[in-house]
Amino acid sequence: MVWYDFFRMSNLEIINLFRNVAAAYSIKNEYKFKFQIIAYLKAAEAIEHSSTELKTLFEQGKLQNIPGIGPTIKDRLEELFRTGKVKHFEEVLSDISPAVFPLLDIPSFGPKKASKLVSHFKLHDPKTAIEDIKTLALEDKISILEGFGEKSQSDILRAISEYGKGTTKSSRMVLSYAFTLAQEVIIYLKKHKDVIEAETLGSLRRMNSTIGDVDIAVASKNTKAVLEYFVAFPGKERIIEKGPTTASILIGGGKHVDLLALPPQQFGSMLQHFTGSKNHNVALREYSLKRHMSLSERGIKLLSEKGSPLVEFTSEEKFYKYLGLDWIPPEIRENEGEIEAALKHNLPDLVKIGDIRGDLHIHTNYPIDSSHDYGISSMQEMINRAKELKYEYIGLSDHNPSIGNHTKNELYSILSKRKSIIDSIKKSNKSIRVINLLEMDILASGELAIDNKTLELVDALIVSIHSSFSTNKEDMTRRVLAGLSNPKAKILAHPTGRLLNLRAGYELDWNRIFDFCVKNNKALEINAWPERLDLSDGLVKQAKEAGVKFVINTDSHAISHMDNMFYGVSVARRGWTEKKDILNTLPANKFVEWITS
DNA sequence: GCCGTTTTCGGCCCGACTGTTTTCAGTCG
């Protein structure tokens, strides 16, 4: 039996549990339990995309709101939250050695391979399972097993070694890291004379917040030469696989880069297929099958006419058009209503990077004696960069001065001096509107760090949480709403406090937050800092549906960070927002009117 | 075990690559 702390189970732990249940079914009888396996994997993926803790949905009686959770899984989850265990799962997992499960996070290990090894060598301890397998391989005891050989034994050793250095199935890169890496590979590929087009694929093309592998597509009439050229990429550590149409390499940092090469006449269908998401493609295939068409990366087969040739597509636009659909932007291909919208020709006109007219969350090196961090560039350097970006306005928003080290009078004096400096900067920078902001701590009590009289020295406030992260949901919601209630507070910065791969962030009662923002003309920030991307795309979509407005900010601490706006816009796009939803697409007069209202 | 624009029953996307094999099983996306 695998041990779980059922009572406090987070979404991550439930995802892990469901994947283990699916693996257990595969080991028992893959054919008999085929559809249970699919169902549990699908449910795990749906939970991965949920922006709400299942525990919360359980308390609200809304578990079945998640597509992929039907009556049976709902019952099992309710049993889990009520009693702390699930009898059915205990039975399913009971005759599988717990040593199987840790192996499943190693690339190239699936349920069958893990189970074969664990049961043949009678391994029981999950804590030592990986080390045990390594020892057996080193002792040359694996290559003699049926279905294994010398090559698979050495592959196992290599996989475990790479796993130890961070190449796991679950570790993911932040978007900006993967995007930069992909651009390097694309620049390299485009130097080859046979490369006609090169484009990112998968979660990277859809601009997910985190990316597993970097996938790239190439259109070429000489795919063999391009694949040979690709696997010689200078940053390569080794070739993982290489076939006639695909190849995969490992690069420094333990990440995979996969290349797909097909002739130009199939580039459209290939791009579509490998952009995904899986859920989008499954839904699109089901939609197509009802219309007697079968989709693959090579094109579309008409099932109604026997022996009819494959219809090929040079572009995605033509591919979708053939299915009777408008072209769907990659960012919203998640099977969350986009196929229906494309059919009815009412897809959203998503906000674009070129729509952005200002950046409001900028930290400078101005000596404000902050309790948090400073920027490294000066106010004037930031303003110059904003001008280069053709912005019409910029908000200087250093952290508030530390309240522990200063009296009220000193705080007034510090901000008074800052105001006079910003006023003179405004006068010498007439081509751009400079807005005097502060990023203000909402204290644990819900009060702002600075009193109202002193706040008259700034145009408006960005408010945010920087302390007591473990406060419970109810108190945190009250705290945030109290902070936002100050008339100067216009934007709630990085609203969940999450740090990708590091910190889940605190929980808020989002319906109350959304409602408050709509009624009181407050905006939620979409923070473009690559490790934040906060709000998350899912919450952006929910907030938009509630009528909330947004400001996309970079939270820059240096001029180079101001280019991260692009990643914030991609989050906004994944949340289905249009130009009218994003306040910093407004012209300067309108924007200043709002933020000082 | 989930789900519904022919369905509350009877379906459930499609293919590439590798290693151990001589026709396939396993993993991956």
Side-chain angles (χ1 to χ4, degrees), chain A residues 18 21-23 25-27 30-46 64 66-77 88-89 92 103-104 106-117 142-156 159 169 201-204 211-215 217 223 227 239-248 256 258-262 266 269-270 272-301 303 310 324 335 339-340 343-344:
Chain A
F18 279 16
V21 168
Y25 273 131
S26 297
I27 293 164
E30 193 182 12
Y31 300 100
K32 183 176 169 193
F33 298 115
K34 185 174 177 186
F35 298 111
Q36 279 90 339
I37 294 166
I38 292 173
Y40 277 101
L41 291 177
K42 210 171 169 182
E45 200 177 306
Q64 270 188 283
I66 295 194
I69 294 186
T72 305
I73 294 184
K74 181 197 72 134
D75 285 351
R76 306 232 195 276
L77 284 169
H88 175 75
F89 292 161
V92 173
L103 298 175
L104 299 178
I106 302 173
S108 80
F109 277 75
K112 303 294 186 59
K113 190 195 279 186
S115 163
K116 258 189 210 168
L117 292 171
I142 290 180
S143 63
I144 51 172
L145 294 188
E146 194 185 340
F148 292 82
E150 289 291 338
K151 186 70 169 65
S152 39
Q153 179 171 273
S154 61
D155 283 349
I156 285 170
K169 285 187 205 166
L201 298 171
S203 56
L204 181 52
I211 309 294
D213 299 333
V214 168
D215 300 319
T223 58
L227 287 164
I239 300 168
I240 297 167
E241 61 179 38
K242 184 163 77 75
T245 58
T246 71
S248 181
H256 292 195
D258 301 340
L259 186 78
L260 292 129
L262 272 185
Q266 293 180 343
S269 54
M270 179 173 70
Q272 195 290 318
H273 175 83
F274 288 104
T275 296
S277 66
K278 194 162 93 185
N279 289 340
H280 174 83
N281 282 359
V282 168
L284 198 65
R285 290 220 164 95
E286 286 172 358
Y287 163 93
S288 304
L289 277 176
K290 284 174 192 149
R291 287 157 183 78
H292 310 292
M293 293 181 276
S294 170
L295 312 184
S296 81
E297 64 263 47
R298 296 183 175 278
I300 298 179
K301 271 185 250 174
L303 301 175
L310 186 74
N335 191 29
I339 295 174
E340 294 80 354
L343 186 61
K344 293 179 192 152

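Below, chains carry the letters A, B, ... as their sequence lines are ordered, and counting in each starts from 1.
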Look at all strands and tell whether [X] reaches a base, only sugar-phosphate, or nothing, counting heavy atoms closer than 4.0 Å.
X	answer
Ser294(A)	sugar-phosphate
Arg291(A)	nothing
Ser288(A)	nothing

| query | NZ of Lys42(A): more than 12 outside heavy atoms within 6.0 angstrom? | reply |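 Open: at most 12 neighbouring heavy atoms sit under 6.0 Å from NZ of Lys42(A).
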
| Residue matched to dA25(B) through Watson-Crick or wobble contacts both under 3.5 angstrom |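 dT18(B) - that is the nucleotide pairing with dA25(B), both distances being under 3.5 Å.
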
| About how many Å separate CG of Asp213(A) and CD1 of Ile240(A), when rounded to the nearest 0.5 Å? |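 That separation rounds to 7.5 Å.
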
| request: Would you give the length of the straight line joining atom CG of Leu260(A) to atom CG of Leu201(A), rounded to the nearest 0.5 angstrom? | output: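 Atom-to-atom, Leu260(A):CG and Leu201(A):CG are 6.0 Å apart.
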
| Short question: side chain of Ser269(A), backbone of Gln266(A) - any donor-acceptor pair under 3.5 Å? |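 Yes, Ser269(A) side chain to Gln266(A) backbone: donor-acceptor pair under 3.5 Å.
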
| said: Checking the side chain of Ser154(A) only, and the main-chain atoms of Lys151(A) only, is there a donor and an acceptor separated by less than 3.5 Å? | reply: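 The answer is yes, because a donor-acceptor pair under 3.5 Å joins these two groups.
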
| request: Could you work out which one of dC14(B), dA16(B), dT6(B) sits closest to the side chain of Lys290(A)? | output: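 For Lys290(A), the side-chain atoms sit closest to dT6(B).
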
| said: On DNA chain B, does the nearest nucleotide to Ile73(A) precede the nearest nucleotide to Glu340(A) from the 5' side, or the other way round? Give the residue. | reply: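 Nearest nucleotide further toward 5': that of Ile73(A).
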
Measuring to OP1 and OP2 of [N], would you say a side-chain N or O of [X] lies under 4.0 angstrom away?
X	N	value
Arg76(A)	dG1(B)	yes
Arg298(A)	dC14(B)	no
Thr245(A)	dC17(B)	yes
Thr246(A)	dA16(B)	no
Lys32(A)	dG1(B)	no

| task | Grab the two heavy atoms, one from Asp215(A) and one from Gly202(A), that are nearest each other, plus how far apart they are. | result |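 Distance-wise, the nearest heavy atoms are OD2-CA, 4.4 Å.
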
| field | Closest non-hydrogen atom pair between Leu295(A) and Ser288(A), with its separation | value |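 Shortest heavy-atom contact: CD1-OG, 3.4 Å.
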
| request: Mind checking ring pair (Phe, Tyr, Trp, His ring centres under 6.0 Å) for Phe33(A) and listing every partner two or more places apart, or none if nothing turns up? | output: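 So Phe33(A) forms a ring pair (Phe, Tyr, Trp, His ring centres under 6.0 Å) with Tyr25(A).
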
| query | Are Gln153(A) and Leu145(A) side-chain neighbours, meaning at least one heavy-atom pair lies under 4.5 Å? | reply |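 No, every pair of side-chain atoms sits at 4.5 Å or beyond.
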
| Side chain to side chain, Leu284(A) and Ile339(A), heavy atoms closer than 4.5 Å |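 In contact.
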
[X] [atom1] to [N] [atom2], straight-line distance once rounded to whole Å:
X	N	atom1	atom2	value
Leu262(A)	dG15(B)	CG	C1'	12 Å
Arg285(A)	dC3(B)	CZ	P	20 Å
Asp75(A)	dG1(B)	CG	P	10 Å

| message | Can you check the distance between dT20(B) and dG26(B), where both ends of the measurement are the P atom (answer in whole Å)? | response |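 Their P atoms lie roughly 14 Å apart.
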
| Which pairs count as salt bridge (charged side-chain N to carboxylate O under 4.0 Å, His left out) when at least one residue sits in residues 288-297 of chain A, sequence neighbours excluded? |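 Listed by first then second residue: nothing to list.
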
Taking N or O atoms only and anything under 3.5 Å, show me the protein contacts with nucleotides 9-11 of chain B, one pair per line.
none

| Reading nucleotides 20-29 of chain B from the 5' end, what letters show protein touch, with B for base, S for backbone sugar-phosphate only, - for no heavy atom under 4.0 Å? | SS----SSSS

| task | Sequence neighbours left out, what passes side-chain hydrogen bond (donor to acceptor under 3.5 Å, both in side chains) with Lys169(A)? Give chain and number order. | result |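 Not a single residue meets the side-chain hydrogen bond (donor to acceptor under 3.5 Å, both in side chains) criterion with Lys169(A).
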
| field | Sorted by number, the residues of residues 36-46 of chain A with heavy-atom contact under 4.0 Å to DNA chain B | value |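 Hits under 4.0 Å, by residue number: Gln36(A), Ala39(A), Tyr40(A).
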
